[in-house]
Number of protein chains: 2
Amino acid sequence: MKEQCLCKLISSEEIDRIKKDMPDGETIANMAEFFKVFGDNSRLTLIYYLSRAELCVADLASLAGMSQSAVSHQLKTLRLMRLVKNRKEGTIVYYSLDDAHIDSLFKGALEHILEEK
Amino acid sequence: MKEQCLCKLISSEEIDRIKKDMPDGETIANMAEFFKVFGDNSRLTLIYYLSRAELCVADLASLAGMSQSAVSHQLKTLRLMRLVKNRKEGTIVYYSLDDAHIDSLFKGALEHILEEK
DNA sequence: TTAATATATGAACAGATATTCATATATGGA
DNA sequence: TCCATATATGAATATCTGTTCATATATTAA
């Protein structure tokens with residue numbers, strides 16, 4: 001089937017405007033990456049705990065009910081996304097949120113979900 | 001290795017409070033599902049276009065550079081998540097956003113990404 | 001130095017998911 | 001009725017991703 005424009009509701013000028021305003025591919029990809037981080041139960045759980053306190057890896061594992069390895073892998077993801085930062089004290093590494101946006105976005109989504117109930 | 005609490009920074013009372021405030025599993029899962037929808041380039045692109053206009057499937061495919069089938073599959077996902085609604089006119093099905101939250105969340109994330117540049 | 005502990009990491013595996021392909025369904029026109 | 005068009009959908013496939021397992025690294029204490 002040939003794809004063709006069927007717009008009967010909007011003008012081609014409007015279509016052009018919409019196309020022009022479309023964020024570029026890199027921006028879309030960055031946004032998707034950003035949301036993807038929150039689209040996982042484990043990471044969301046870790047983010048919740050880190051929104052409440054600075055915590056070490058073992059404590060995060062205990063609180064989230066995850067293995068130390070799984071937590072460490074996910075923290076690496078969060079670090080690469082610059083959503084968490086860490087601080088070393090002896091052999092213990094303390095993690096905390098690196099961005100106020102995260103917390104507010106988390107709360108925003110929570111409100112959204114709770115509203116729907 | 002045995003997981004054990006290493007908390008030296010916060011009291012066990014504080015830990016208890018944090019645990020108690022933890023959203024339940026279902027809520028976390030719902031939030032993750034919610035974010036997951038936005039964590040994909042194709043869906044994010046479709047959502048962008050729908051944030052600008054009511055559009056039929058063929059136009060969405062053309063604008064997003066996706067096949068009709070891929071668009072239809074993703075629209076089904078978005079419909080199940082109640083993020084879009086549709087309206088039938090003959091054989092043409094027009095889609096539009098079903099929730100103002102989506103648009104604001106999209107814009108919030110966009111601002112977040114642009115700020116970091 | 002040796003042992004113990006906390007964390008990080010590479011590889012393998014399992015499960016999830018986005019796309020394609022073929023086809024079904026639905027509607028309107030000839 | 002028969003055909004063309006717009007959309008939906010099931011199955012198969014390929015890719016991505018989260019966890020586990022084993023092990024490496026780093027730090028501290030004995």
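Labels below follow one simple rule: chain letters A, B, ... track the order of the sequence lines, proteins then strands, and each chain is numbered from 1.
Donor-acceptor pairing under 3.5 Å is recorded for the side chains of A:Thr27 and A:Asp24.
In terms of position along DNA chain D, the nucleotide closest to A:Gln74 lies nearer the 5' end than the nucleotide closest to the other residue of the pair A:Gly90 and A:Gln74. If A:Glu33 and B:Leu75 are placed on DNA chain D by their nearest nucleotide, the residue sitting closer to the 5' end is B:Leu75.
Taking 3.5 Å as the limit, the base of C:dT20 and the side chain of B:His73 contain a donor-acceptor pair of atoms between them. Scanning atom types as modelled, one donor and one acceptor separated by under 3.5 angstrom connect the side chain of B:Ser69 and the base of C:dC21. With hydrogens and angles left out, the side chain of A:Gln68 and the base of C:dA8 share a donor-acceptor pair within 3.5 Å.
Going from atom CG of A:Leu78 over to atom P of D:dT17 covers 14 Å, rounded to whole Å. With rounding to whole Å, A:Phe35 atom CZ is found 18 Å from C:dT17 atom P. In this entry the distance linking CD1 of B:Ile92 with C1' of C:dT25 reads 16 Å, nearest Å. Summarising the geometry, the separation between CG on A:Asn86 and P on C:dT9 is reported as 10 Å, rounded to the nearest angstrom. A straight line from CE of B:Met66 to C1' of D:dA8 spans 14 Å, rounded to a whole angstrom. Between the C1' atom of C:dA8 and the CZ atom of A:Arg79 lies a distance of 8 Å, rounded to the nearest Å. Protein atom NZ of A:Lys88 is 7 Å distant from nucleotide atom P of D:dA26, rounded to whole Å. One interatomic measurement links the two molecules: CG of B:Asn41 to P of D:dC16, which rounds to 12 Å at whole-angstrom precision.
Taking side-chain N and O atoms only, A:Arg43 has no distance below 4.0 Å to OP1 or OP2 of D:dT17. Taking side-chain N and O atoms only, A:Tyr95 has no distance below 4.0 Å to OP1 or OP2 of C:dA6. The phosphate of D:dC16 (OP1 or OP2) has no side-chain N or O of A:Lys36 nearer than 4.0 angstrom.
The main-chain N or O of B:Met22 is found under 3.5 Å from a side-chain atom of A:Tyr48 such that the two form a donor-acceptor pair. Under the 3.5 Å distance criterion, the side-chain polar atoms of A:Arg43 are matched with a main-chain donor or acceptor of A:Val37. At least one donor-acceptor pair closer than 3.5 Å links the side chain of B:Lys85 to the backbone N or O of B:Leu97.
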**Message:** Is there a side-chain contact (heavy atoms from CB on, under 4.5 Å) between B:Val57 and B:Val71? Walk through the geometry before answering.
**Reply:** CA-CA 7 Å; B:Val57 178; B:Val71 170; 4.0 Å; yes
**Message:** Walk me through whether A:Asp40 and A:Thr45 qualify under side-chain contact (heavy atoms from CB on, under 4.5 Å).
**Reply:** CA-CA 8 Å; A:Asp40 174 80; A:Thr45 303; over 6 Å; no
**Request:** Decide yes or no on side-chain contact (heavy atoms from CB on, under 4.5 Å) for A:Ile47 and A:Leu50, but give the supporting numbers first.
**Result:** CA-CA 5 Å; A:Ile47 289 168; A:Leu50 292 175; 5.7 Å; no
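Of all nucleotides listed (C:dT27, D:dA8, D:dA26), C:dT27 comes nearest to the side chain of B:Thr91. Of the listed nucleotides (C:dT7, D:dT7, D:dG18), C:dT7 has the atom at the smallest distance from the side chain of A:Ser72. Comparing C:dA18, C:dT9, D:dA8 against the side chain of B:Ser42 picks out C:dA18 as the nearest. Here the side chain of B:Ser67 is nearest to one of C:dA18, D:dT9, C:dT20, namely C:dT20.
Rounded to 10 degrees, the angle separating the terminal helix axes of the helix from C:dT1-D:dA30 to C:dA30-D:dT1, each built from five base pairs, is 10°.
The only option from A:Lys76, A:Gln74, A:Gln68 that meets the side-chain contact (heavy atoms from CB on, under 4.5 Å) definition with A:Ser72 turns out to be A:Gln68.
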